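Reading through the structure tokens given below for one structure.
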Amino acid sequence: MEKTYNPHAIEQRWYETWEENGYFSPDMDTEQTSDSGQDSYCIMIPPPNVTGSLHMGHAFQDTIMDALTRYHRMKGDKTLWQPGTDHAGIATQMVVERIINAEGKTRHDLGREAFIEKIWDWKAHSGNTITRQLRRMGASLDWKRERFTMDEGLSEAVKEVFVRLYEEGLIYRGKRLVNWDPVLHTAVSDLEVISEEENGHFWHMRYPLSDGSGYIIVATTRPETMLGDTAVAVHPDDERYQDMIGKTIKLPLTDREIPVIADDYVDPEFGTGCVKITPAHDFNDYDMGKRHNLPIINILTVDAAINDNAPEKYRGMDRYEARKAIVKDLDEAGLLEKIDEHRLMVPRGDRSGAVIEPYLTDQWYVKIAPLAEPAIKAVEDGDIRFVPDNWKNTYFEWMNNIEDWCISRQIWWGHRIPAWYDDNGNVYVGKDEQAIRQQHNLDDSISLKQDEDVLDTWFSSALWPFSTLGWPDKTPELDTFYPTNVLVTGFDIIFFWVARMIMMGLKFTGEVPFKEVYVHGLVRDSHGHKMSKSKGNVLDPIDLIDGIELETLVEKRTSGMMQPQMAKKIEKQTRKEFKDGIPAFGTDALRFTFAIQATTGRDIKFDMGRIEGYRNFCNKLWNASRYVLMNTEGHDCGMDNDEMEFSLADKWIISRLQQTEQQVIDSLNTYRLDRAAQAIYEFTWNEYCDWYLELSKSVLNNDSASEAQQRGTRNTLIRALESLLRLAHPIMPFITEEIWQRVAPLAGIQGDTIMLQPFPEPQSAQVDQDAVDEMNWLQQFVLGVRQIRSGYDIKPGKPLNVLLANGSDSDKARLQRNETMLIKLARLESITWLDDDNAPESATALVGEMQILIPMAGLIDIDAERERLNKEIESNQGFISKLEAKLSNENFVSRAPEQVVAHERQKLTETQNKLKSLTEQLEKLSSL
RNA sequence: GGGUGAUUAGCUCAGCUGGUCAGAGCACCGCCCUUACAAGGCGGGGGUCAUAAGUUCGAAUCUUAUAUCACCCA
């Protein structure tokens with residue numbers, strides 16, 4: 001093996017091998033599908049946008065899913081991690097449209113069919129970026145089953161669902177106020193609208209009463225909408241305006257008269273207490289208009305320009321142009337009271353960034369209440385469990401206030417709505433035109449035209465857990481893997497996606513789509529800020545894996561900026577934070593970094609120090625393995641000759657391994673990847689490397705050790721490492737595979753890949769508590785010597801003579817058994833039991849009550865040792881008085897559980913003995 | 001305005017159903033290139049667990065209030 005861990009050299013190669021050999025597949029081809037009592041395990045990947053590229057959120061999420069998948073596969077479950085991508089209607093259309101625009105054309109020049117053809121072309125050539133990147137992450141997805149939300153089978157499922165919902169009256173067409181994106185020319189759902197506070201104005205306008213008795217002042221943030229006003233509303237109890245109610249107003253700049261009405265909705269405290277009502281362009285006003293039977297006057301075109309319902313002067317003006325003109329005209333007419341600065345919530349389309357207008361159009365809707373009810377119940381009843389649990393509150397909150405889902409979009413890329421119209425405007429819904437003609441007895445003399453709209457992308461995503469498995473056909477896949485086990489997702493799409501999958505899954509399969517929903521946090525930058533292109537703080541997971549030069553990174557972060565003026569600042573920041581660019585950490589280090597920070601429900605602040613530390617951990621594992629291989633390759637490790645003798649260290653490390661395995665299993669079962677990773681880290685570094693490997697040297701490099709002893713140690717070295725590799729494989733697949741290939745044969749294990757080896761199962765019979773206790777004693781001993789050494793600046797290499805006093809029989813027996821190891825580990829010359837009285841001046845350490853004495857002659861300063869002892873005594877006295885206080889509290893003694901009290905008593909005794917021993921030492925020094 | 005979560009060492013975070021004077025990594029200080037590893041080894045310093053009250057024999061942990069921050073919804 002190479003001296004230094006080099007992830008590049010191993011990662012790509014292993015992934016190709018795994019994929020080529022079909023290790024990712026659950027083998028549905030074999031006959032034994034759902035028999036044999038084998039458990040199945042299935043995770044659906046949240047399908048990334050086909051236009052997308054891997055970002056830190058994906059990398060985090062995929063690490064979690066892959067770790068779970070690999071764990072279950074090794075456990076022996078029939079395991080499927082289902083891959084695929086989403087057609088991402090608006091996003092994809094925009095990407096391809098931009099390419100066409102660059103060629104000086106629009107999509108309208110091409111026409112619908114040719115444009116869609118272009119998109120398919122684009123997908124064929126450029127649509128696999130993200131799947132390539134997923135492979136770099138080591139994701140063990142079964143690529144043979146990769147699906148796309150627009151492929152044939154899934155489109156079939158979409159039609160099936162649409163038709164059935166329509167036939168049950170759960171899909172309807174209606175004229176409603178929708179969120180209209182005037183740039184994309186489509187309706188968007190509430191969830192696709194992002195409202196943020198922006199600076200704006202509050203215009204106060206005078207509306208004259210028709211009878212000439214004065215005017216009412218109304219305030220608005222969108223003065224151009226006044227052209228569509230059909231009333232002014234006040235609160236029914238508002239004393240200021242009682243006599244106005246029922247009167248009419250002469251709406252300025254128009255020739256219309258509108259009533260003053262009373263409605264509870266009006267907040268008398270806000271503004272003047274008078275509200276202009278524009279039912280066609282405001283959601284609240286729309287509701288109020290319905291309550292009061294107000295006319296609805298649409299004044300905007302699809303581009304959000306003023307249409308022909310408005311006075312001629314403003315027609316054709318853009319909404320903001322019209323705003324200026326109207327404000328000016330009002331001002332000139334003396335009808336502008338004042339203009340205030342104002343912070344207001346501005347709704348923007350999440351794709352286009354355009355300011356959304358409420359707009360009255362014909363759209364398709366899903367009637368959601370009947371679907372929501374069982375979906376709420378499924379979570380209430382525990383058929384679906386959220387991890388962490390509190391996310392169910394968010395889910396309930398939304399589901400209980402859910403509104404009908406607008407599913408039609410006025411774009412070209414997507415599932416076309418399976419509805420046809422005849423010349424009389426009758427609607428027919430069916431899978432295709434032919435089916436409809438047949439069903440409704442329509443011959444060719446009647447022309448049918450398909451609805452131009454496509455479905456919201458999330459409509460097909462909602463079917464993902466079963467459409468990918470072949471639904472509506474009854475497939476073996478569906479039978480085996482549905483319901484799936486867990487959905488791993490960020491909280492940001494609980495509404496978009498999770499809730500809708502639950503509703504659709506229950507509706508069409510009668511079962512929940514997944515039993516658990518694991519909700520993970522967001523990956524932020526090291527300062528806790530959201531990563532975004534415009535802030536220039538984005539990290540690309542691939543750059544962390546492969547490394548990147550500073551110049552390339554700067555270029556990457558500053559190119560194609562929406563706000564080029566930010567580029568300077570970003571460049572400066574980047575140069576400061578990454579002086580030497582980013583080194584190549586490798587996939588395993590990145591995955592480990594994510595895993596160990598995957599505490600449930602908490603955001604991750606991505607810190608370069610962490611990933612560096614875990615890259616070092618990979619290196620540690622690598623070098624430890626090198627040591628093991630050096631000492632086992634070509635030697636008898638007990639495979640051929642089972643005459644072996646196991647040392648204390650051997651028994652101890654095997655015991656600790658069992659305990660670690662249990663901890664990892666428990667942690668993985670409860671989605672605590674952080675604890676699993678932590679347990680692996682601590683065992684590997686602090687126990688296996690720091691202690692066990694060192695102890696093994698005193699056997700392997702010791703000529704007087706017997707063959708059986710050496711064999712026992714080699715056997716333990718290799719077995720423990722082999723298990724550890726399997727234990728760590730789900731989190732760090734590449735390095736474990738690479739090392740395992742060499743280690744496994746030495747441990748007597750045949751197999752082509754670690755991927756398909758069984759996951760370690762702890763054996764309680766292998767836990768030797770006596771060995772654990774004795775090892776603890778040995779560690780205390782070594783630690784005590786080291787502390788003295790370090791405390792008095794004694795050279796690490798200088799062999800010391802150690803004296804022992806006040807030892808029990810057990811101490812003596814333990815010393816006898818472990819003397820060789822102690823001498824080697826603590827670098828001692830000799831260990832001698834002392835007759836009580838003739839101790840020379842010494843520095844002291846304690847192991848329990850046994851005293852370790854290191855004679856000071858020529859080594860140690862008496863005053864310093866005295867000071868140290870005094871400090872130690874003081875601290876122990878403090879502890880004792882605390883314990884005494886506790887134990888003399890009658891309430892404690894009588895009410896606390898016996899065990900706890902006994903434990904405290906024991907601590908007291910131990911500490912008292914320790915104190916006594918320390919005091920003796922101090923006295924000895926003082927008397928000299 | 002409603003909801004959720006957070007607040008523990010200089011930084012990033014653990015701390016499970018209350019019970020070993022509060023833990024890890026990074027950073028810091030000291031010693032060491034000891035034949036697996038300087039991407040390392042050994043040792044060390046550092047926190048009145050946001051604040052206040054309460055429950056309890058006992059609170060970082062449970063309850064309530066306050067403060068600050070973050071996110072979601074309106």
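Since this is a predicted model, take the numbers as computed values, not measurements. Residue numbers start from 1 in every chain, and the chains themselves are labelled A, B, ... in the order their sequence lines are given, proteins ahead of strands.
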Quick one: [X] [atom1] to [N] [atom2], roughly how many Å, whole number?
X        : N     : atom1 : atom2 : result
A:Met399 : B:C72 : CE    : C1'   : 17 Å
A:Arg675 : B:G15 : CZ    : C1'   : 8 Å
A:Ile402 : B:C73 : CD1   : P     : 14 Å
A:Asn701 : B:U34 : CG    : C1'   : 12 Å
A:Leu629 : B:A36 : CG    : C1'   : 10 Å
A:Glu890 : B:U56 : CD    : C1'   : 17 Å
A:Arg905 : B:G19 : CZ    : C1'   : 15 Å
A:Gln912 : B:C21 : CD    : P     : 17 Å

Test: A:Lys620 cationic atom under 6.0 Å from A:Tyr688 six-membered ring centre, within 45° of axis = no
Between A:Lys886 and A:Phe892, is NZ or CZ placed under 6.0 angstrom from the six-membered ring centre and within 45° of the ring axis?
-> yes
Tell me what [X] touches on the nucleic acid: a base, only sugar-phosphate, or nothing, going by heavy atoms under 4.0 Å.
X        : value
A:Arg672 : sugar-phosphate
A:Gln678 : sugar-phosphate
A:Cys618 : nothing

Quantified in whole Å, what is the [atom1] atom distance between nucleotide [N] and nucleotide [M]?
N     : M     : atom1 : value
B:C13 : B:U8  : P     : 10 Å
B:A14 : B:A53 : P     : 28 Å
B:U17 : B:U64 : C1'   : 22 Å
B:G46 : B:C26 : C1'   : 14 Å
B:A38 : B:C33 : P     : 14 Å
B:A59 : B:G43 : P     : 34 Å
B:G15 : B:U7  : P     : 10 Å
B:G45 : B:U68 : P     : 37 Å

A:Tyr681 vs A:Tyr614 aromatic rings, parallel, tilted or perpendicular, using cut-offs 30° and 60°?
-> perpendicular
If the plane angle is over 60° it's perpendicular, under 30° parallel, otherwise tilted; pick one for A:Trp622 and A:Tyr5.
-> tilted
Does the side chain of A:Leu887 come within less than 4.5 Å of A:Arg905's, by heavy atoms?
-> yes
Taking protein heavy atoms under 4.0 Å as touching, what does nucleotides 37-44 of chain B look like 5' to 3' if B marks base contact, S marks sugar-phosphate-only contact and - marks none?
-> B-BSSSSS
Passing candidate, side-chain hydrogen bond (donor to acceptor under 3.5 Å, both in side chains) with A:Lys392, options A:Asn390, A:Thr394, A:Asp389 | A:Asp389
From the list A:Lys907, A:Gln906, A:Gln912, side-chain hydrogen bond (donor to acceptor under 3.5 Å, both in side chains) with A:Glu910 holds only for A:Gln906
Now, which nucleotide makes the Watson-Crick or G-U wobble pair with [N], with each of the two distances under 3.5 Å?
N     : value
B:G18 : none
B:U63 : B:A53
B:U4  : B:A70
B:C28 : B:G44

Protein-nucleotides 2-13 of chain B N/O pairs closer than 3.5 Å?
residue: B:U12; atom: O2; partner: A:Arg610; partner atom: NH1; Å: 3.3

Any donor-acceptor pair under 3.5 Å linking the side chain of A:Asn537 with the backbone of A:Lys530?
-> yes
Examine distances only and state if a side-chain atom of A:Thr713 and a backbone atom of A:Gln710 form a donor-acceptor pair shorter than 3.5 Å.
-> no
Look at A:Lys795 and B:C31 and indicate whether a side-chain polar atom (N or O) is within less than 4.0 Å of OP1 or OP2.
-> no
Which residues pass the side-chain hydrogen bond (donor to acceptor under 3.5 Å, both in side chains) test with A:Trp740, sequence neighbours left out?
-> A:Glu722
Closest to the 5' end of RNA chain B, once A:Asp674 and A:Arg524 are matched to their nearest nucleotides, is A:Asp674
Are A:Tyr395 and A:Phe495 an aromatic pair by the rule of ring centers under 6.0 Å?
-> no
